[in-house]
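Throughout, protein chains are lettered first and strands after them, A, B, ... in sequence-line order, and every chain is numbered starting at 1. Since this is a predicted model, take the numbers as computed values, not measurements.
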Amino acid sequence: MLRKRVITVLTFNDGVLFRTKVFQPDYRYTLNFVDAWSVDEIVVLDITRPGAGKKENFFSVVSDFAERCFVPLTAGGGVRDIEDFRKLLCLGADKVAINYQALNRPEFISEAARLFGSQCVLVSIDTRENGSGNYEVYSEFGTRPTGLDPVSWAKKAQELGAGEIMITSIEKDGSLEGYDNRLNRLVADAVDIPVIACGGAGKWQDFVDGFLIGKVQAGATTNIYHFTENSIKSAKQYLKKSGVEVRG
Amino acid sequence: MIAIVDYGLGNLKSVYAAVKRLGFEAMVTRDHAALEQADKLILPGVGAFGDGMNNLAAFGLREVLSRMVIGEKKPILGICLGAQLFAGESFEFGRHKGLGWIPASVVRLPEQGLPVPHVGWNDLFQKKSSILFDGVEKEDLFYYVHSFYLRPDDSGIVFGESEYGVRFSAVIQQDNIYATQFHPEKSQLAGLKLLDNFLKKS
């Protein structure tokens, strides 16, 4: 039986691990993936603002992770064309996350899927709730409303060849209040491809709720307290006790 | 020396990193003379079957690989698409002829309310004892990314299976030919163990 996945999302600013509350770089998290972690997958995202750093610094992060972690690796952030996409794959990423350029030029999804296969193409969707219970897709680090509804956008991304959707609730990001499972469920029910929930997980029960209520295939955490080897292991134990089938 | 065959498809770097981590000398190459020097071969790959065979042909690799694997009986491990290429034929996007080293065809996973491709961590049911499984626990999971799988004419060469809507072959072994549908290089400790077994014991 296919297991539910627990994914660690790490964000990098100019090649430095970036935390939303504490700005100090800390590389101990990049060590010992093989030996100690039971994280199922790793996503590394470049969140360097345009002009504020060198691409090469993020490239060396991707390359470093590809050499050290023997689990699937997704890389993304600032991917604008096929050459950017290819570059990350060549550095050792298994999948590439796209967001801005997929919204800007949806046929980019198809071009990437045709060249590298759908399994490589992760479309990341950032959303906000507009106060009346409706959701809207936002672009450019959550600053630009697009007028799109995340359910129709996810369906369109799937039709165009996306292999996976990562859905982030901007309001929940960093809140530790749990995922927005109404949003997750709406998207997960609308597409056949796997959906990754992102933004808001603060305790192990939040993962359980994401799987059982949000119906997602994978729960992602960007929370620093979920990063160490013991915490992922204890998350897995909690999930198993709660009836969610995960890898040990 | 381990040769990781570069035919322009798939994440070669991960396979290379895994082999190096296990302490073996390795090269990623499509150079015929370099390949001939190798003791063992790994044929990785993610992508479509037709593209895979076309690329092997374009780089003139069919003949050199067949000579080494069928003629000289050098051990080879095929991973995912690389494993499927060992078959006689595939039905992915039309009908394609494969390398024909093992009597098998490549067929699509049935869509039975489950999304295809099959992506993620899943079981490996050990059906027959294999050197590849030494030290691999029955409950160890492996990472799969595929829409098609190898269906052998003779189930006797199936050493491991998995299940996703249907039982399918996950490990095939025939003489010096080893094939895994999952990605050992992406399956953390269990994957590295299985790869180490191939490198040390095949």
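Heavy-atom distances place the backbone of S187(B), and not its side chain, under 4.5 Å from chain A.
Using a cut-off of 4.0 Å between Lys/Arg side-chain N and Asp/Glu carboxylate O, E67(A) and K20(B) are scored as not salt-bridged.
When each of P72(A), G117(A), C120(A), A66(A) is scored by its heavy-atom pairs under 4.5 Å with chain B, the top score falls to P72(A).
In this structure, K55(A) places its NZ atom where more than 12 heavy-atom neighbours from other residues, nucleotides or ligands lie under 6.0 Å away. Heavy-atom neighbours of K201(B) NZ from other residues, nucleotides or ligands within 6.0 Å: above the threshold of 12.
Counting only heavy atoms from C-beta outward, the side chains of V71(A) and K186(B) never approach each other to under 4.5 Å. Counting only heavy atoms from C-beta outward, the side chains of R21(B) and R68(A) never approach each other to under 4.5 Å.
Close approach to chain B, defined as a heavy atom under 4.5 Å from one of its heavy atoms, is seen in C90(A), L91(A), G92(A), A93(A), D94(A) of residues 84-94 of chain A, taken by number. Against chain A, the residues from residues 116-136 of chain B that qualify, each with a non-hydrogen atom under 4.5 angstrom away, are H118(B), V119(B), G120(B), W121(B), N122(B), D123(B) in number order. Close approach to chain B, defined as a heavy atom under 4.5 Å from one of its heavy atoms, is seen in D192(A) of residues 180-198 of chain A, taken by number. Interface residues of residues 151-166 of chain B toward chain A, defined by a heavy-atom distance below 4.5 Å and sorted by number: E163(B), Y164(B).
In this structure, CZ on F70(A) lies 7.5 Å from CG on L22(B), to the nearest 0.5 angstrom. Rounded to the nearest 0.5 angstrom, M1(A) CE and L141(B) CG are separated by 9.5 Å. To the nearest 0.5 angstrom, K13(B) atom NZ is 2.5 Å from S63(A) atom OG. Going from atom OH of Y143(B) over to atom CZ of R3(A) covers 14.5 Å, rounded to the nearest 0.5 Å.
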